[in-house]
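Written below as structure tokens is the structure these notes are about.
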Amino acid sequence: MLKKNHQHLSIFNHSLFLSNEFLQFQHSVQQHVDNAQEPEQHALEAANPLVARVLASQGAAMQDAISAMSAQMKQHHQETKQQMEQLRHTPFYPYLGGSPMASPQASSSHAVPSTTASGIPSYRLHRSHKTVMQVWQEYEEGMPGCLAVKDLEQRYGTGWRKDPTESKYYSRRKVLYDEFKKIAIRDRISLKEAAKLLEETRKYHGKTLDTLCGMLKENSSQ
């Protein structure tokens with residue numbers, strides 16, 4: 001290699017460097033140099049060890065993140081599968097396969113809060129609800145500008161529903177309210193989550209809200 005890079009030096013004109021033995025040796029060394037290929041990873045580490053360590057660390061961190069994401073997706077799938085299985089074992093499930101019960105004609109009137117002479121608010125439950133979640137919202141959170149049904153019961157008892165028609169309609173809805181609490185206690189979840197389970201069951205079996213109430217009432221009486 002020195003001779004190749006410094007041919008101008010007079011020492012390389014010596015007869016030793018022109019002999020057949022040296023020329024064979026030179027050819028052998030050159031072949032060895034040409035065939036020796038350093039692995040890319042070793043070359044990178046030799047060039048800049050710090051860069052190599054950083055890249056290796058980032059690669060390991062990315063692999064850990066992918067593994068964690070995969071585990072979370074598997075857990076979410078398992079939880080969803082368990083919830084769907086719970087829907088098939090709700091207390092009223094055996095009754096969902098029967099013929100639908102006749103549902104009363106729903107009124108399109110909206111709930112309108114007012115106040116009686118005694119200062120107790122008078123409230124008319126919504127007749128237009130179509131889903132369990134709408135019933136839950138009216139019960140636990142209240143419709144816009146109105147107290148929640150739960151709060152009306154706690155503060156005024158039956159005073160807010162003295163009207164016989166309203167009292168009867170409340171009794172019909174109370175079947176759902178009680179079912180929220182029952183599922184929440186059984187599965188140790190919130191009322192909202194219990195309402196979601198009940199709504200998924202209603203949609204799964206294609207039942208109306210009134211039909212669902214009727215079946216729950218029938219089931220509770222047995």
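Sequence positions, counted from 1, serve as the residue numbers for this chain. Keep in mind that the numbers below use all heavy atoms, side chains included, and drop hydrogens, waters and symmetry copies.
Side chains of Q134 and H126: a donor-acceptor N/O pair is absent below 3.5 angstrom, by distance only.
L209 has its side chain out of reach of T131: every pair of non-hydrogen atoms, C-beta onward, lies at least 4.5 Å apart. Counting heavy atoms from C-beta on, the side chains of K168 and T165 never come closer than 4.5 Å. Counting only heavy atoms from C-beta outward, the side chains of L212 and L198 approach each other to under 4.5 Å. No side-chain heavy atom of I183 sits under 4.5 Å from any side-chain heavy atom of L191. Using a 4.5 Å heavy-atom cutoff, the side chains of E138 and R173 are in contact. With contacts defined as side-chain heavy-atom distances shorter than 4.5 Å, the pair V132/L197 does not qualify.
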Counting only pairs under 3.5 Å, give me each side-chain donor-acceptor contact of residues 139-150, with atom names and distances, residues two or more places apart or in other chains.
| residue | atom | partner | partner atom | Å |
| --- | --- | --- | --- | --- |
| Y139 | OH | K181 | NZ | 3.2 |
| E140 | OE1 | W136 | NE1 | 2.4 |

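With values rounded to the nearest 0.5 angstrom, I189 atom CD1 is found 7.5 Å from R186 atom CZ. Taking OG from S122 and CD from E166, the interatomic distance works out to 7.5 Å, rounded to the nearest 0.5 Å.
Between E199 and R202 there is a salt bridge, since a side-chain N of the basic residue sits under 4.0 Å from a carboxylate O of the acidic one. Salt bridge present: E200 and K203 bring a charged side-chain N and a carboxylate O closer than 4.0 Å.
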Could you go through W160 and R155, starting from their C-alpha distance and side-chain angles, then the distance that decides it, and tell me whether this counts as side-chain contact (heavy atoms from CB on, under 4.5 Å)?
CA-CA 9 Å; W160 66 274; R155 297 183 189 184; over 6 Å; no
Decide side-chain contact (heavy atoms from CB on, under 4.5 Å) for S167 and T158; before the verdict, give the C-alpha distance in whole Å, the side-chain angles of both, and the deciding distance to 0.1 Å.
CA-CA 8 Å; S167 181; T158 61; over 6 Å; no
May I have the step-by-step check of side-chain contact (heavy atoms from CB on, under 4.5 Å) for R172 and K217, ending in yes or no?
CA-CA 8 Å; R172 189 180 303 140; K217 186 176 182 180; over 6 Å; no
Test M133 against K192 for side-chain contact (heavy atoms from CB on, under 4.5 Å), laying out the working first.
CA-CA 8 Å; M133 294 308 297; K192 184 176 183 179; 4.1 Å; yes
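Within the 3.5 Å criterion, the main-chain N or O of L125 finds a donor-acceptor partner in the side chain of R127.
In terms of the side-chain hydrogen bond (donor to acceptor under 3.5 Å, both in side chains) criterion, Q137 has no residue partners (sequence neighbours excluded). Checked against side chain to side chain contact (heavy atoms under 4.5 Å, CB included), K174 has the following partners two or more places apart in sequence or in another chain: Y170, Y177, D178.
A pairwise comparison of heavy atoms in V175 and C213 identifies CG1-O, 3.8 Å as the closest pair. Counting all heavy atoms, side chain and backbone alike, A194 lies closest to A184 at CB-N, 3.8 Å.
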